[in-house]
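Note sheet for the following structure.
Letters A, B, ... are given to chains in the order of the sequence lines, protein chains preceding strands, and every chain is numbered from 1.
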Number of protein chains: 2
Amino acid sequence: MVTLDITGLDGALGQRVYVALRNRILDMTLKPGAVLRKGALCEQLGVSRSPVSEALARLSSDGLVDIIPQSATRVSQFSMAGLREDSFLREAVEVAAVARVAEIRTAEQLKQLSRNLRLQTLLVEDEDFQGFFEADLIFHELILGFTGFPKVALAAGQMSLQLQRARMLILPEQGRPSEAVTEHMAILKAIKAQDVTAARSAMTGHLGQLISRIEPLERQHPEFFHRN
Amino acid sequence: MVTLDITGLDGALGQRVYVALRNRILDMTLKPGAVLRKGALCEQLGVSRSPVSEALARLSSDGLVDIIPQSATRVSQFSMAGLREDSFLREAVEVAAVARVAEIRTAEQLKQLSRNLRLQTLLVEDEDFQGFFEADLIFHELILGFTGFPKVALAAGQMSLQLQRARMLILPEQGRPSEAVTEHMAILKAIKAQDVTAARSAMTGHLGQLISRIEPLERQHPEFFHRN
DNA sequence: ACCTGTCAACTAACATGCCAGTTTAGAAAT
DNA sequence: ATTTCTAAACTGGCATGTTAGTTGACAGGT
């Protein structure tokens, strides 16, 4: 039984249920194809069906669950085509963002990115891969935020939901974190130099690494993918 | 009183209510700042509060309405900053899309775009601006679709919701439709020539026209904008 | 005249009962 | 043993009663 808890979250009940379920889906605790029973969720969370229904509806519009009317609600499975689409969209937004940031970045912003990058280096040296994972996310969020457009980070996050979930399946690979740090350094270098073209291609190359590592997952974990 | 009707739409009640309200908001029949009363909507549509609540929740996550907890639900007002963000995001996606389409387009796809463009020319000559408006939308949707990534068109549409609404306020401008057709022709020409760089800059220039025409609206219609 | 505290009337959020469509297991027929 | 039909037990969608938080007006004090 998956443990779910909405204590410690704030906001309305529906919001809390949504966040709790979303986290469990994104960290792959709730596996693709798993059936979500409204009644069971209500009992487990100690709330009524209203907030649960609302949460499931939102997850459905996020593409994280599939609601089959009058039948069942399932955690959505991956489709490689869908993941490629998500990657294309994410790349479109992050590349546009890094291009803008390369033009308008301030000294203070460069300092923040440098600081994050030094942290990444240390975490990789210490082989703290969980910590590196988080620092990696923050590096990208910093760049997205430096566009001055808060919605850009939100949109990129929204489009990357399935990618983030699939990423959980990628086996830790010898030397990959260190490569990623090198790629991040190239991005920062281009931003610092205000070289828009270099920033674009550095980001394109970096993001391309993820989808190319996701591609093999369809053979490794066919049970999580749509039969096509 | 705004007329609302969900007959003629299919799907679940919540879906129909959502579409009906969404259309009224996007065509500016429901004005920014207008209060949406659940009770009134239920009575008017002849449904209970459940599907209406669901619809409002979805509109809220689309950013088309603001739900003030325990208080009221309002049609969201514009913020120029938000519109600039939407424009940035839309540009990121549509430019990436046109770049890809320039590379992979087929002869049949070129034919479809040419056909649409000829239609645009005729509609402008006939001064059928409503018809042109729709053909314009279809031109962009065709390009987005030709990426082979259905989600791209959906994402672009999602990001452009506020822009589409604001566009309704732009006064018909002498000669603008004909200019737009010229810009569309430049885009098609670059796609035909498989000139990725030209396609990107043609699309960038074209989309930049819209936001530059939206900018003056804040002075012309201050009542529709957030006080900042 | 103006600030302040209280209260009534409103709202969205939540709980729960009900209904209709889907699924599935088992019985019946072949 | 296999297929087909049927019915019961699920599910999600809808209606509606209940709760709790916000707001705005009004009364009373300064």
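A donor-acceptor contact shorter than 3.5 Å is absent between the side chain of B/Gln120 and the backbone of B/Phe139. For B/Ser79 (side chain) and B/Gly82 (main-chain N/O), a donor-acceptor pair under 3.5 Å exists by modelled atom type.
If you measure from atom CZ of A/Arg58 to atom P of D/dG12, you get 19 Å, rounded to the nearest angstrom. Atom CZ of B/Arg37 and atom C1' of C/dC10 are 10 Å apart (whole Å). Between the CG atom of A/Leu41 and the P atom of C/dA15 there is a distance of 14 Å, rounded to whole Å.
Within the structure, side-chain hydrogen bond (donor to acceptor under 3.5 Å, both in side chains) pairs that include any residue of residues 45-60 of chain B comprise B/Gln15-B/Arg58, B/Lys38-B/Ser53 (at least two apart or interchain). Applying the ring pair (Phe, Tyr, Trp, His ring centres under 6.0 Å) rule to pairs touching residues 25-72 of chain B yields nothing, sequence neighbours excluded. Among residues at least two apart or in separate chains, there is no ring pair (Phe, Tyr, Trp, His ring centres under 6.0 Å) pair with a member in residues 19-76 of chain B. Sorted by first and then second residue, the ring pair (Phe, Tyr, Trp, His ring centres under 6.0 Å) pairs involving residues 44-75 of chain B (not counting sequence neighbours) form an empty list. Residue pairs that meet the ring pair (Phe, Tyr, Trp, His ring centres under 6.0 Å) test with at least one member in residues 56-104 of chain B, sequence neighbours left out, are A/Phe149-B/Phe88, B/Phe78-B/Phe225. Within the structure, side-chain hydrogen bond (donor to acceptor under 3.5 Å, both in side chains) pairs that include any residue of residues 141-151 of chain B comprise A/Asp86-B/Lys151 (at least two apart or interchain).
Remark: B/Ser53 is not in phosphate contact with C/dA13, judged by side-chain N or O atoms under 4.0 Å from OP1 or OP2.
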* Could you write nucleotides 14-19 of chain D as a row of B, S and -, 5' to 3', where a protein heavy atom under 4.0 Å of any base atom gives B, of only sugar-phosphate atoms gives S, and otherwise -? -> SBBBB-
* To do: Heavy atoms under 4.0 Å is the rule here; annotate nucleotides 19-26 of chain C 5' to 3' with B where the base is hit, S where only the sugar-phosphate is, and - elsewhere.
  => --BSS---
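Contact annotation for A/Ile67: backbone-only contact, meaning every heavy-atom pair under 4.0 Å involves sugar-phosphate atoms and none involves a base.
An end-to-end axis angle of 0° holds for the helix from C/dA1-D/dT30 to C/dT30-D/dA1, taken from five base pairs per end and rounded to 10°.
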Side-chain donor/acceptor pairs under 3.5 Å, residues 205-212 of chain A, sequence neighbours excluded:
residue: A/His206; atom: ND1; partner: A/Glu183; partner atom: OE1; Å: 2.6
residue: A/His206; atom: NE2; partner: A/His140; partner atom: NE2; Å: 3.1
residue: A/His206; atom: NE2; partner: A/His184; partner atom: NE2; Å: 3.0
residue: A/Gln209; atom: OE1; partner: A/Arg213; partner atom: NH1; Å: 2.8
residue: A/Ser212; atom: OG; partner: A/Gly208; partner atom: O; Å: 3.4
residue: A/Ser212; atom: OG; partner: A/Gln209; partner atom: O; Å: 2.9

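Listed by chain and number, the residues in a side-chain contact (heavy atoms from CB on, under 4.5 Å) with B/Leu137 are B/Phe133, B/Arg167 (sequence neighbours excluded). For A/Glu215, the salt bridge (charged side-chain N to carboxylate O under 4.0 Å, His left out) criterion is met by A/Arg84, not counting sequence neighbours.
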